[in-house]
Amino acid sequence: MSAAGVRTSAAALFTALLLALTAACTGGDGTSPTPRGSSPPGGRAAVLAVKIDNVAPARPHTGLERADIVYVEQVEAGLSRILAVYSSALPPVIGPVRSARETDLELLRQFDRPTLAFSGAQSRLLPVIDRAPLDPVPPSKAPGAYFRGPDRPAPHNLYLRPQRIPFEASGVNAVEELGLGVGAPPSGGEREGSRTVRYPSASVTFTWSAERERWFVSLDGSPARTTEGDRLGAGTVVVQDVTVRPSDFRDRSGNTSPFTETVGSGDAVVLRDGRAYEARWTRSATDADTVYTTPDGQRVDLAEGPLWILYAPRGGA
C-alpha cells in the first residue's frame with residue numbers, strides 16, 4: 001500500500017473510533033451523554049474548560065457540539081482560538097487541544113475554580129497558570145488522558161479523553177455559573193439572517209436556521225461540522241466588543257500574544273430566535289460575572305441550546 005493509502009486508512013480508522021466512542025456514550029441517537037457525577041452542593045456547576053485549536057487543519061472539531069459555552073478569542077497572527085466550557089455533560093473525546101493564553105486566566109475567574117485542559121503554554125506563562133485559582137491539567141499532569149490522532153499532523157492532532165482527568169460533569173449548565181438563564185427574548189430587536197465576526201486573519205459567521213432553531217456556524221467561510229458531519233449550531237450568540245492589546249508574553253516564534261480585556265464594559269449584540277438585540281456588557285472585577293443587559297437595563301435571557309460568546313476587537317466586528 002502506498003504512503004498516501006496508509007494515511008487515508010489511518011484517518012478513516014481514527015474517525016471510525018471517534019464515532020464508536022461517541023455512539024457508546026450517546027446511544028447512537030445524538031442525545032447528550034449521561035453526566036458522570038451528580039450536581040455539587042448548592043447546584044453549582046463544576047466547569048471543565050478546554051483550549052481548542054481553530055485553524056483549518058484542526059477541523060472538524062471533536063466534542064465541541066457538547067460544550068455549554070464556546071468562547072472565541074483572538075490569538076497571534078490575527079487568528080482565533082476556542083475555549084470550550086463543559087459542565088452539564090462530557091463527550092468521550094474533545095479536541096484538538098492547544099495551548100493556553102493569558103486571556104483565559106482572566107476569563108475563567110468568572111467560574112468557581114474551573115479545571116483547565118490545555119496542551120501547554122509559553123514558559124513564562126506556566127507559573128502564572130499554576131498560581132491562578134483553577135486546576136490546570138496539561139498532558140504532563142494527566143498523560144493517560146491525552147492522545148495523538150493519526151488523521152492530521154501535529155500540533156493539530158492532540159485530543160483529550162475527559163473521563164481520564166480528575167473531573168466529573170455536574171449536570172448543571174455552565175451558563176448558570178455566570179448568572180445567566182433561559183427565558184423569553186427582550187422586546188424589539190431586528191430580524192437577522194446572518195452575522196459575521198471578523199478577526200485580522202479569521203472569521204466566524206452565524207446563519208439562522210428557522211427549521212432547526214439554531215444559528216449554524218461557519219469558520220473562515222466554511223460550514224463548521226462535527227466529527228459525525230452534522231452542522232455546529234448555537235442557540236444564542238453574544239458578540240462582545242472588547243479591547244484587544246499586546247500582552248507581556250510571546251509565542252515560540254516571537255510573536256506577541258494579544259490580551260483580551262474581559263473586565264470592563266462595552267457594547268454587545270445578542271443573536272437569538274432569528275433576531276439581533278443591542279445590549280451592554282459589564283464586568284466590574286476579575287471575580288465578578290459578566291452581566292448582559294438591554295439598553296433599558298433589563299437582563300438578557302438566553303434561548304435553549306449552546307451559548308457562543310465572541311470577543312470581537314472593537315471596530316472589527
Side-chain angles (χ1 to χ4, degrees), residues 11 13-39 45-54 58-72 81-98 108 111 114-119 135 137-139 142-152 156-177 212 214 216-217 219 223-235 304-309:
L13 176 60
F14 177 67
T15 300
L17 288 172
L18 284 179
L19 290 172
L21 279 169
T22 302
C25 290
T26 63
D29 61 357
T31 56
S32 297
T34 302
R36 296 178 61 239
S38 58
S39 300
V47 165
L48 168 65
V50 184
K51 199 60 186 281
I52 295 179
D53 205 347
N54 194 30
R59 303 173 191 145
H61 297 108
T62 299
L64 186 58
E65 71 277 10
R66 300 297 184 190
D68 294 335
I69 307 171
V70 176
Y71 290 97
V72 182
R81 195 162 286 183
I82 287 170
L83 187 68
V85 176
Y86 300 82
S87 178
S88 56
L90 291 176
V93 178
I94 301 172
V97 181
R98 288 300 300 272
L108 289 172
F111 300 98
T115 298
L116 174 61
F118 60 106
S119 65
D135 295 320
V137 187
Y146 292 86
F147 69 97
R148 293 279 180 185
D151 64 328
R152 59 193 68 174
H156 313 293
N157 64 347
L158 181 66
Y159 294 88
L160 170 71
R161 297 184 182 94
Q163 289 84 358
R164 297 191 180 185
I165 63 174
F167 175 85
E168 290 192 351
S170 65
V172 179
N173 195 303
V175 299
E176 297 183 24
E177 188 76 350
R212 297 291 299 276
R214 283 289 185 273
F216 282 152
V217 183
L219 300 171
R225 298 189 181 277
T226 68
T227 305
E228 296 87 346
D230 297 326
R231 287 293 301 270
L232 274 178
E304 293 280 358
L307 169 63
W308 282 56
I309 298 177

Chemist: Which heavy atom of L48 sits nearest a heavy atom of A117, and at what distance?
Modeler: CD1-CB, 4.3 Å
Chemist: At what distance, to the nearest 0.5 angstrom, does CZ of F167 lie from OG1 of T115?
Modeler: 6.0 Å
Chemist: Between P306 and R214, is any pair of side-chain heavy atoms under 4.5 Å apart?
Modeler: yes
Chemist: Could you pull out all residues at least two apart from D68 that satisfy side-chain hydrogen bond (donor to acceptor under 3.5 Å, both in side chains)?
Modeler: S88
Chemist: Going by ring-ring contact (aromatic ring centres under 6.0 Å, His included), name the residues that satisfy it together with Y71, two or more places apart in sequence or in a different chain.
Modeler: Y311
Chemist: For residues L232 and T226, determine if any side-chain heavy atom of one lies less than 4.5 Å from a side-chain heavy atom of the other.
Modeler: yes
Chemist: Looking at CD1 of I82 and CG of L219, how far apart are the two atoms once the value is rounded to the nearest 0.5 Å?
Modeler: 6.0 Å
Chemist: List the residues meeting side-chain hydrogen bond (donor to acceptor under 3.5 Å, both in side chains) with D135, not counting sequence neighbours, and say none if there are none.
Modeler: R113
Chemist: Show, in sequence, the C-alpha distance, side-chain angles and deciding distance for R225 and D230, and conclude whether the side chain to side chain contact (heavy atoms under 4.5 Å, CB included) test is met.
Modeler: CA-CA 5 Å; R225 298 189 181 277; D230 297 326; over 6 Å; no
Chemist: Can you tell me how far apart CD1 (I165) and OH (Y146) are? Round to the nearest 0.5 Å.
Modeler: 6.5 Å
Chemist: Any idea which heavy atoms bring A89 and A169 closest together, and the distance?
Modeler: CA-CB, 3.8 Å
Chemist: Using atom types as modelled and distance alone, determine if a side-chain donor or acceptor of S87 lies under 3.5 Å from a backbone N or O of V172.
Modeler: yes
Chemist: Can you see which heavy atom on Y159 is nearest to which on G95, and at what distance?
Modeler: CD2-CA, 3.8 Å
Chemist: Would you name the heavy atoms of H61 and I52 that are closest together and state the gap between them?
Modeler: CD2-CG2, 3.5 Å
Chemist: Would you say R231 and R212 make side-chain contact, with heavy atoms under 4.5 Å?
Modeler: no
Chemist: Out of curiosity, L160 CG to K51 NZ, how far, rounded to the nearest 0.5 Å?
Modeler: 15.0 Å
Chemist: Give the minimum heavy-atom separation between A174 and F111, together with the two atoms involved.
Modeler: O-CE2, 3.8 Å
Chemist: Under a 3.5 Å cutoff, is there a donor and acceptor pairing between the side chains of R152 and N157?
Modeler: no
Chemist: How long is the straight-line distance from CZ of R161 back to CD1 of I94, given to the nearest 0.5 Å?
Modeler: 12.5 Å
Chemist: Evaluate the side-chain proximity of P162 to V50: yes if any heavy-atom separation is below 4.5 Å, no if none is.
Modeler: no
Chemist: Any chance you could measure N54, atom CG, to H156, atom NE2, to the nearest 0.5 Å?
Modeler: 11.5 Å
Chemist: Looking at every heavy atom in both L83 and A49, which two are closest together, and how far apart are they?
Modeler: CD1-CB, 4.0 Å
